[in-house]
Number of protein chains: 2
Amino acid sequence: MTATTDQGAALRIAAGRKPFVEPLRLGERVKEIRLANQWTLEDVSQRTGLARSTLSKIENDQISPTFSAVQKLIDGLGIDLPQLLSPPKVQTRTMGRRDLTRRGHGELHPTPTYEHELLSCELAQKRMIPFKTIVRARAFEEFTEWVRHDGEEFLMVLEGEIRLYTEYYEPLSLSDGDSIYFDSAMGHALVSTSEADAVVLSVCTRGDGTS
Amino acid sequence: MTATTDQGAALRIAAGRKPFVEPLRLGERVKEIRLANQWTLEDVSQRTGLARSTLSKIENDQISPTFSAVQKLIDGLGIDLPQLLSPPKVQTRTMGRRDLTRRGHGELHPTPTYEHELLSCELAQKRMIPFKTIVRARAFEEFTEWVRHDGEEFLMVLEGEIRLYTEYYEPLSLSDGDSIYFDSAMGHALVSTSEADAVVLSVCTRGDGTS
DNA sequence: AAACCTCGTTTCCAATAGTGAACAAGGACA
DNA sequence: TGTCCTTGTTCACTATTGGAAACGAGGTTT
């Protein structure tokens with residue numbers, strides 16, 4: 001009768017991982033979305049190609065839709081599955097944090113070739129890592145190997161002039177105010193080409209958990 | 001016959017969003033996972049409570065599993081749905097891209113209060129959005145409402161002096177070289193406090209799919 | 001090589017999903 | 001009030017899924 005008629009299977013499921021099967025009020029969710037858009041069952045039927053009756057039963061948890069039906073739903077409603085499944089939108093969105101760094105008050109990390117100044121290091125869980133770098137290197141030869149890390153990097157020259165060496169491209173000259181965005185898994189290295197050391201601002205994405 | 005028998009529905013689907021229905025080789029994916037763990041169909045049957053035969057048919061795209069079956073699959077296999085759906089785990093790690101923007105050659109987006117210059121707009125799929133902004137506003141009152149968007153934002157003052165108003169904090173003054181990192185879902189607004197318009201560099205995280 | 005496993009596929013049937021039509025239950029309109 | 005019209009639910013029926021058992025292809029043991 002119900003959509004979750006499991007009879008004997010329930011026993012076997014016990015061998016599985018989660019003892020309690022998430023109810024996953026899918027129907028409820030669909031209805032929510034439908035009403036939020038002020039659509040009637042007929043409208044959704046048009047959009048999804050599913051019968052009005054079918055939609056009604058899905059919304060009332062009277063049937064467990066076929067996966068192909070779910071597909072029709074998701075691209076009929078113009079949403080994606082995660083959206084359909086995350087029942088509440090309780091995104092527990094961390095918000096309201098902030099972290100100020102006054103000029104010259106970042107955390108210093110000197111290396112032979114660069115002098116890094118980490119910029120917002122009070123904040124622990126952040127998606128970007130900003131830092132100011134004084135480029136000491138004057139020749140590509142000073143690097144023993146490519147600098148390389150997961151994610152992406154944005155870089156803007158604040159002072160002076162640099163030359164950006166990358167693994168797959170010809171070297172590039174950048175002056176004060178120029179900026180570049182690149183995949184940082186591609187080997188890269190910076191040298192100053194101006195008299196004084198150049199200064200650049202970089203922002204890297206954090207190695208995230210999506211992998 | 002096949003799992004993707006759509007007949008007339010295809011027409012109506014045209015009214016929807018995506019014209020091409022993602023094949024979504026679900027069966028293929030399941031098999032992949034099964035083999036990766038060196039499980040036999042019987043093993044998976046035990047874990048999921050689905051019959052061997054059913055699993056076989058699912059793997060060979062001979063049937064479109066019921067949503068309840070999919071549920072049994074995901075918690076039987078100990079994975080989550082996104083994982084099941086992202087077809088290849090080869091994240092096709094994009095790498096080797098780059099996008100140079102010379103000073104003053106970004107894409108201009110003027111507003112009453114700000115003058116934005118998008119910085120690396122050639123690149124489509126990127127995790128950060130960098131832009132330079134000339135702050136025209138001189139008073140908080142010029143904003144009709146908080147600026148607010150998902151994700152996080154990093155900001156450094158390049159020229160002049162600004163005052164940063166945020167929803168949950170007292171206003172903050174920032175001078176040339178100062179920087180700040182904050183959750184951009186928190187309402188925020190910038191005004192110039194120097195004689196000339198201030199210039200700031202911002203980098204936002206993209207509204208990602210991790211939700 | 002015959003008997004016996006194990007694994008994946010296929011077959012057949014019962015259970016259930018999906019459909020169109022019929023059915024209330026409101027609203028609008030005359 | 002009575003006649004539409006629209007909306008969501010229920011019904012009767014067909015199409016499809018899901019399960020137990022049969023099957024066929026290797027592999028192992030004897």
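Just so you know, these numbers use all the heavy atoms, side chains as well, and skip hydrogens, waters and symmetry mates.
For the pairing with A:F131, the side-chain contact (heavy atoms from CB on, under 4.5 Å) check across A:S120, A:C204, A:C121 returns one residue only, A:C204.
With hydrogens and angles ignored, no donor-acceptor pair closer than 3.5 Å exists between the side chain of B:S56 and the base of C:dG8. B:S53 contributes a side-chain N or O that forms a donor-acceptor pair with the base of D:dG19 under 3.5 Å.
B:T54 has no side-chain polar atom (N or O) that falls below the 4.0 Å cut-off from OP1 or OP2 of D:dT17. Dashed line: the shortest gap from a side-chain N or O of B:Q62 to OP1 or OP2 of C:dT10 is under 4.0 Å. In this model, the phosphate group of C:dT9 is approached by a side-chain N or O of B:N60 to a distance below 4.0 Å at OP1 or OP2.
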With a cut-off of 3.5 Å and sequence neighbours excluded, list every side-chain donor-acceptor pair involving residues 140-147 of chain B.
unit_1	atom_1	unit_2	atom_2	d
B:E142	OE2	B:R138	N	2.8
B:E142	OE2	B:A139	N	3.2

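For B:L26 and D:dT17, the CG to C1' distance is 15 Å, given to the nearest whole Å. For the pair A:Q71 CD and C:dA17 C1', the computed distance is 16 Å after rounding to whole Å. Whole-Å rounding puts the A:L55 CG to C:dG20 C1' distance at 14 Å. A:Q46 has its CD atom 11 Å from the P atom of D:dT7, to the nearest Å. Remark: C1' of C:dT16 and CZ of B:F67 are 17 Å apart, rounded to the nearest angstrom. Here the C1' atom of nucleotide D:dT9 and the CD atom of A:E42 are 14 Å apart, to the nearest Å. When the P atom of D:dG19 is taken as reference, atom CD1 of B:I58 falls 8 Å away, rounded to whole Å. In this structure, A:K31 places its NZ atom 14 Å from P of D:dT7, rounding to the nearest Å.
Residues B:T66 and B:R34 each lie close to DNA chain C; by heavy-atom proximity, the contact nearer the 5' end of the strand is made by B:R34. Remark on DNA chain D: of its neighbouring residues B:P65 and A:D43, the 5'-side contact belongs to A:D43, judged by nearest-heavy-atom nucleotide.
Taking the side chain of B:L41 as heavy atoms from C-beta on, and the options D:dG8, C:dT9, D:dG18, the nearest nucleotide is C:dT9. If you check C:dG8, C:dA17, C:dT10 against the side chain of B:T40, the one that comes closest is C:dG8. Side chain of B:I63, nearest nucleotide from C:dT9, C:dT10, D:dT17: D:dT17.
In terms of heavy atoms, B:Y168 sits closest to B:M186 at CD1-SD, 3.5 Å. Counting all heavy atoms, side chain and backbone alike, A:V135 lies closest to A:V200 at CG2-CG1, 4.4 Å.
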Enumerate all atom pairs, one protein N or O and one N or O from nucleotides 12-14 of chain D, separated by less than 3.5 Å.
none

message: Generate the contact string for nucleotides 22-27 of chain D. Rules: B means base contact, S means sugar-phosphate contact only, - means no protein heavy atom under 4.0 Å.
response: B-----
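Remark: B:S53 engages no residue in a side-chain hydrogen bond (donor to acceptor under 3.5 Å, both in side chains) (not counting sequence neighbours). By the side-chain hydrogen bond (donor to acceptor under 3.5 Å, both in side chains) test, A:T66 is found to be paired with no residue, residues two or more places apart in sequence or in another chain being considered. Considering only residues two or more places apart in sequence or on other chains, A:S173 meets the side-chain contact (heavy atoms from CB on, under 4.5 Å) condition with A:R163.
In this model, no donor atom of one side chain and acceptor atom of the other lie less than 3.5 Å apart for B:T166 and B:H188.
The distance from the CE atom of B:M156 to the CG atom of B:L201 is 8.0 Å, given to the nearest 0.5 Å.
A salt bridge links B:R29 and B:E32; the closest N-O separation between the charged side-chain nitrogens and carboxylate oxygens is under 4.0 Å.
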